[in-house]
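For reference, the structure discussed in these notes is given below.
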Amino acid sequence: MLVYDYTMESLLRVLGQPLTAEHLTELRALGVDPRQLQPAYPVDKYTQVLNFIVAELWPRLPREEAGFELGRAFMRAYQQTAMGKAVAAVTRVIGPHRSLERMSRNFRSANNFTETKLNQVGPNHYELWFNHARHPNFFRGLLTEALTRTGAREVSVTLLTVGEAHEATFHITWKP
């Protein structure tokens, strides 16, 4: 299971630019050189970096809240990359419904393993299943920010279920 370089780049951007000497040292100790990103990273390496950033930026928040904040910050950082700008332009045009329908494709551009299943429960009301969401609160934040940027208002993303193999289902609603 691999996470692609621009996904790692987006995660690292959350730390701010330019990175501090301390951040560079810590990241290199984790096996990631931000100045020479590899084409892809094992998901476990990505998770280590994610955990490092949560501890660095939100040390006083409960882990769930910190993960949510990181997910939101990740989406903001991702939309500053070339790939993120292109995706953002498309999602603003197609809106939240079609953005959710394209979720597997969107995540497959970030890694080689994510699969999703979408179930529409009602108008502006969905359940979204991920085969692998190791940090579900990170996904909550990411989805909240992404859907807000499509024009959805009062977005609510809650975790319904999480399994031993890191699969998770989210309940998603918003106002048009």
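Position 1 is the first residue of the sequence; numbering continues from there.
Note that CZ of R140 and CD of E65 are 9.0 Å apart. Values are rounded to the nearest 0.5 Å. Atom CD1 in I53 sits 8.0 Å away from atom CH2 in W58 (nearest 0.5 Å). Separation of atoms OG (S156) and CG (L147) is listed at 10.5 Å; rounding is to 0.5 Å. For the atom pair CG of L12 and CZ of F74, the computed distance is 10.0 Å after rounding to the nearest 0.5 Å. Note that the CZ atom of R28 and the CZ atom of R35 stand 5.5 Å from one another [nearest 0.5 Å].
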Q) Going through the checks in order, is the salt bridge (charged side-chain N to carboxylate O under 4.0 Å, His left out) test met by K117 and E127? A) CA-CA 8 Å; K117 292 179 186 168; E127 289 180 1; over 6 Å; no

**Q.** L11 and L50: CA distance, side-chain angles, deciding distance, side-chain contact (heavy atoms from CB on, under 4.5 Å) verdict
**A.** CA-CA 7 Å; L11 185 60; L50 188 147; 4.2 Å; yes

Q. Between T169 and N119, does a side-chain contact (heavy atoms from CB on, under 4.5 Å) hold up when you go through it step by step?
A. CA-CA 10 Å; T169 303; N119 178 35; over 6 Å; no

Q) Could you go step by step and tell me if I94 and R102 meet the side-chain contact (heavy atoms from CB on, under 4.5 Å) rule? A) CA-CA 10 Å; I94 66 174; R102 297 171 43 103; 3.3 Å; yes

Q: Output, in order, the C-alpha distance, side-chain angles, deciding distance and verdict of side-chain contact (heavy atoms from CB on, under 4.5 Å) for T144 and F68.
A: CA-CA 9 Å; T144 299; F68 179 81; 3.6 Å; yes

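With 3.5 Å as the limit, one finds a donor-acceptor pair spanning the side chains of H171 and H125. A donor and an acceptor atom, one from each side chain of Q80 and R13, are nowhere located under 3.5 Å apart.
Between H97 and Y126, the distance separating the two ring centers is shorter than 6.0 angstrom.
A single hydrophobic cluster is seen to contain both L128 and L159, as judged by linkage of ILVMFWY side chains at heavy-atom distances under 4.5 Å, directly or through other members. Residues F139 and L160 are members of separate hydrophobic clusters, defined by side-chain heavy-atom contacts under 4.5 angstrom among Ile, Leu, Val, Met, Phe, Trp and Tyr.
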Donor-acceptor pairs under 3.5 Å, side chain of residues 83-93 to any protein atom, not counting sequence neighbours: which ones?
residue: T91; atom: OG1; partner: V87; partner atom: O; Å: 3.2
residue: T91; atom: OG1; partner: A88; partner atom: O; Å: 3.1

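Heavy-atom minimum distance, P136 versus F170: O-CE2, 3.5 Å.
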